[in-house]
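Notes for the one structure printed next.
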4 protein chains.
Amino acid sequence: MAEKEKIVVQTSVKDESLIEIRRLQIVNGAVNLFKEKGFHRATTREIAKAAGFSIGTLYEYIRTKEDVLYLVSDHIYDKVKQQLAEINSDTGTVDELKEAIKQYFCLIDRMSDEFTIMYQETKSLSKEAMHYVFDKEFEMVRLFEGIIKNSLPSLRIELTEKEVFLTANHIVVQGQAWAFRKWAFKKRYTIEEYVEDQTKLILSGLLHFQDK
Amino acid sequence: MAEKEKIVVQTSVKDESLIEIRRLQIVNGAVNLFKEKGFHRATTREIAKAAGFSIGTLYEYIRTKEDVLYLVSDHIYDKVKQQLAEINSDTGTVDELKEAIKQYFCLIDRMSDEFTIMYQETKSLSKEAMHYVFDKEFEMVRLFEGIIKNSLPSLRIELTEKEVFLTANHIVVQGQAWAFRKWAFKKRYTIEEYVEDQTKLILSGLLHFQDK
Amino acid sequence: MAEKEKIVVQTSVKDESLIEIRRLQIVNGAVNLFKEKGFHRATTREIAKAAGFSIGTLYEYIRTKEDVLYLVSDHIYDKVKQQLAEINSDTGTVDELKEAIKQYFCLIDRMSDEFTIMYQETKSLSKEAMHYVFDKEFEMVRLFEGIIKNSLPSLRIELTEKEVFLTANHIVVQGQAWAFRKWAFKKRYTIEEYVEDQTKLILSGLLHFQDK
Amino acid sequence: MAEKEKIVVQTSVKDESLIEIRRLQIVNGAVNLFKEKGFHRATTREIAKAAGFSIGTLYEYIRTKEDVLYLVSDHIYDKVKQQLAEINSDTGTVDELKEAIKQYFCLIDRMSDEFTIMYQETKSLSKEAMHYVFDKEFEMVRLFEGIIKNSLPSLRIELTEKEVFLTANHIVVQGQAWAFRKWAFKKRYTIEEYVEDQTKLILSGLLHFQDK
DNA sequence: CATGAATGAGCCTTCATTCAT
DNA sequence: TATGAATGAAGGCTCATTCAT
């Protein structure tokens, strides 16, 4: 699970700490903007304004508009990874899996705008940047695969690689579904109920995979 | 489940059958194009060319570029509905549900480009058109809810409304996931294997929802 | 005052009487249309529709869109000339002048839309057609010059050529002013009052030109 | 005679003095261009070129092509007002009226292109802008009404409101006529002669309005 | 003669990017 | 470093005109 090299967004500014500050401004402004109008409909002028400075300055910290999308995607994944890292307590019990599912879904609920942006706009990235982002998604699947595998002994079941993958995939995808269709799901579900039912579904799937 | 009025894309051409023909050309051309560059990056000139005629002619059959996206979305949903209508043999057995899942997944496999476009670009539609498309997605969920409910007696199980919804939703969303991530899934799965395992997962979920 | 050759608008239709009918349809439709949106904003499709047939047919009777404007201008001037011809009773009295003024102003009141179109849009004609129209305007001035000259003996005054011209010009221009600014004038004047006061003004101008 | 609020043409440029400079460039370029081809036939690219910069820059100072026409109209009226303000010496003599007429006609002679454009193209403006321009024309009429009224006592004559209006209107309209038909008038008149004869005509009209 | 679908030049406008200050 | 005016390629769309039926 070797960490891929981050794609470096070039700047003409030297002061590293300033770069950090400005980019945070860019990302925060852009997330709000993209949420509202999407990447393509947002202009660089608007991005600059949302970030709190002029276009001239914006272009001191990015090279192309696409860099902003990359910056946003990257920032979101960093947040996700960091959040998920906190759960991984390595006890190897079902509760750990349950907890991971819960944390992941709650994270998505909190950051649903960001998730939506990422999945809707990723395609607009360059091939290179796009694969970097997709890879991050697969890391997430792999993360859940790990947690699931760890919990199998305590559940006294054996699953094929494929079945583990399918379950991990289920978790990740249903999480995304909540982000995308939140407004529709909310008519029937609170996030807590959704987590509860999804967890039941996932566990029963796990337990009875081989039945039929 | 009253059918919503179709949003009519205005034309300046009078010959109805010609409209049908040209729009099919537009949709087919556009799907290929959007697949490659996305809706925003595709120009109207390119769309016209892909359809096989001039921009002038393109604009005889649409009013705005957005209409093309709407046309594509609409076309896809029509196909899905038609496909699913064919299986609905109303036997009320599990086999019917299995068949429906299979048909749906295979349809998605065949039309994964179209599906991907729809979900990636829907957000670019006008509010009105966007909701029309989203509604169609929910129709699809409801369609599966119906099939699931029908199969419950033969399975001798009872489920809450929510549980039925969640399962139907699972089917629809995992189908979409195959469309989006086909290139990644294909490393591990053929569509047949995916259908088989998803079916197992769905059925075991159904059977054991109440277990825990 | 030799009549200039009419500029011939070419057709591909042979039947002369049909041409006459169709052109009248075109002119009538176009006047209403130009009144509302002006020449440039009116499309050929709209012109055809207003005329009561298809674009294809429209183009059987004209060669370019500009032809329509020329046809309209020509038609209006024909009407004006015909109307003014009716007054010229050659009695050589002041009453004849008064009557001519009255007829001219009333004509303009009745055809103010047509006049407005002509003066607003003439500039859009080709150089050739434009001069043809302008010449017609000068014919009108000359017409009044003739009437004024005729009335001078009975008024026992002598005027220079220039003064006659200036007065004739005054009549023509103030008539146009009524057409253009009808909506504003109407707040203060009925056409009858306007005619009365203008007549007074013109005659006193005539009588006392040499005073000061 | 409360000054109407100017319709503000929006800019994305902040430097006010630069806006002033660029707009003058736009107006000057546009006048030459419109003179030659009219508003509708002139393209925005041509306007930009005539102004001396790129379209991009043009659109930094206007919002739509129509704005250019509005800018031109506005500029002309400002000049007229300024010019007439300079004479208004409030002596209340006939000479003041004569001087005003002379100044107005000379101004029109100098700016006949601009005037022609204004009257030919005003109709192409939006309803709002069109009325703003028309109002300015009426301000001009009112301005002359004021000067005429002031001169009445010294002429020992009394006129009705309508007669004053008619005379003021005569001045304004005959001024415009000079602008429109300059090329034709010049065959017979120099501007000085035209002013002289028009002045005579106007004054004799004034003096003998009530005679008959 | 009449029709109307097809064409494509060309228009207005936007916006990512640059660069002098 | 920060600014924002300048640039022009490119995009969406219109509409006069043609021509096969």
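Naming convention: chains lettered A, B, ... in sequence-line order (proteins, then strands); numbering from 1 in each chain.
Mapped onto DNA chain E by nearest heavy atom, A/Glu66 and D/Arg63 fall at different nucleotides, with D/Arg63 at the one closer to the 5' end. Checking A/Gly52 against D/Leu58, the closest nucleotide of DNA chain F that is more toward the 5' end is the one next to A/Gly52.
Using a 4.0 Å cutoff on non-hydrogen atoms, the parts of residues 11-42 of chain B near DNA chain E are B/Ser12, B/Val13, B/Lys14, B/Asp15, B/Leu18, B/Arg22, ordered by number.
Scanning for side chain to side chain contact (heavy atoms under 4.5 Å, CB included) contacts around A/Arg45 gives A/Thr43, A/Ile55, D/Glu60, with sequence neighbours left out. In this structure, the side chain to side chain contact (heavy atoms under 4.5 Å, CB included) partners of C/Glu66, at least two apart in sequence or on a different chain, are C/Thr64, C/Leu125, C/Ser126, D/Arg41. Partners of B/Thr11 under the side chain to side chain donor-acceptor pair (under 3.5 Å) rule, at least two apart in sequence or in another chain, are B/Arg23. With sequence neighbours excluded, no residue forms a side chain to side chain donor-acceptor pair (under 3.5 Å) with C/His75. For the salt bridge (charged side-chain N to carboxylate O under 4.0 Å, His left out) test, no residue two or more places apart in sequence or in another chain qualifies with A/Glu36. Legend: residues meeting side chain to side chain contact (heavy atoms under 4.5 Å, CB included) with A/Ala30, ordered by chain and number and at least two apart, are A/Phe34, A/Val68, A/Val72. B/Thr116 meets the side chain to side chain donor-acceptor pair (under 3.5 Å) test with no other residue; sequence neighbours excluded. By the side chain to side chain donor-acceptor pair (under 3.5 Å) test, A/Lys35 is found to be paired with A/Asn32, A/Asp113, residues two or more places apart in sequence or in another chain being considered.
As judged by a 4.0 angstrom heavy-atom cut-off over every strand, D/Thr44 is placed among the base-contacting residues. Within the 4.0 angstrom heavy-atom criterion, base atoms lie near A/Thr57.
Here C/Tyr61 reaches the OP1 or OP2 of E/dA2: one of its side-chain N or O atoms lies under 4.0 Å away.
When distances run from any side-chain atom of C/Thr64 to the nucleotides E/dA9, F/dA16, F/dT17, the shortest one goes to F/dT17.
Side-chain atoms of B/Arg45 and base atoms of F/dG11 include no donor and acceptor less than 3.5 Å apart.
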Under the rule of Watson-Crick or G-U wobble with both distances under 3.5 Å, where | means paired to another strand and [ ] a crossing pair, DNA chain F maps to .||||||||||||||||||||

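With hydrogens and angles ignored, the 3.5 Å screen pairs a side-chain donor or acceptor of D/Asn28 with a backbone N or O of D/Leu24. In this structure, the side chain of D/Lys65 engages the main chain of D/Phe39 through a donor-acceptor pair within 3.5 Å.
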For nucleotides 19-21 of chain E, which of its nitrogen or oxygen atoms have a protein nitrogen or oxygen under 3.5 Å away, and what is each distance?
none

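Residue pairs satisfying the ring-ring contact (aromatic ring centres under 6.0 Å, His included) criterion with at least one member in residues 42-67 of chain C, sequence neighbours excluded, are absent.
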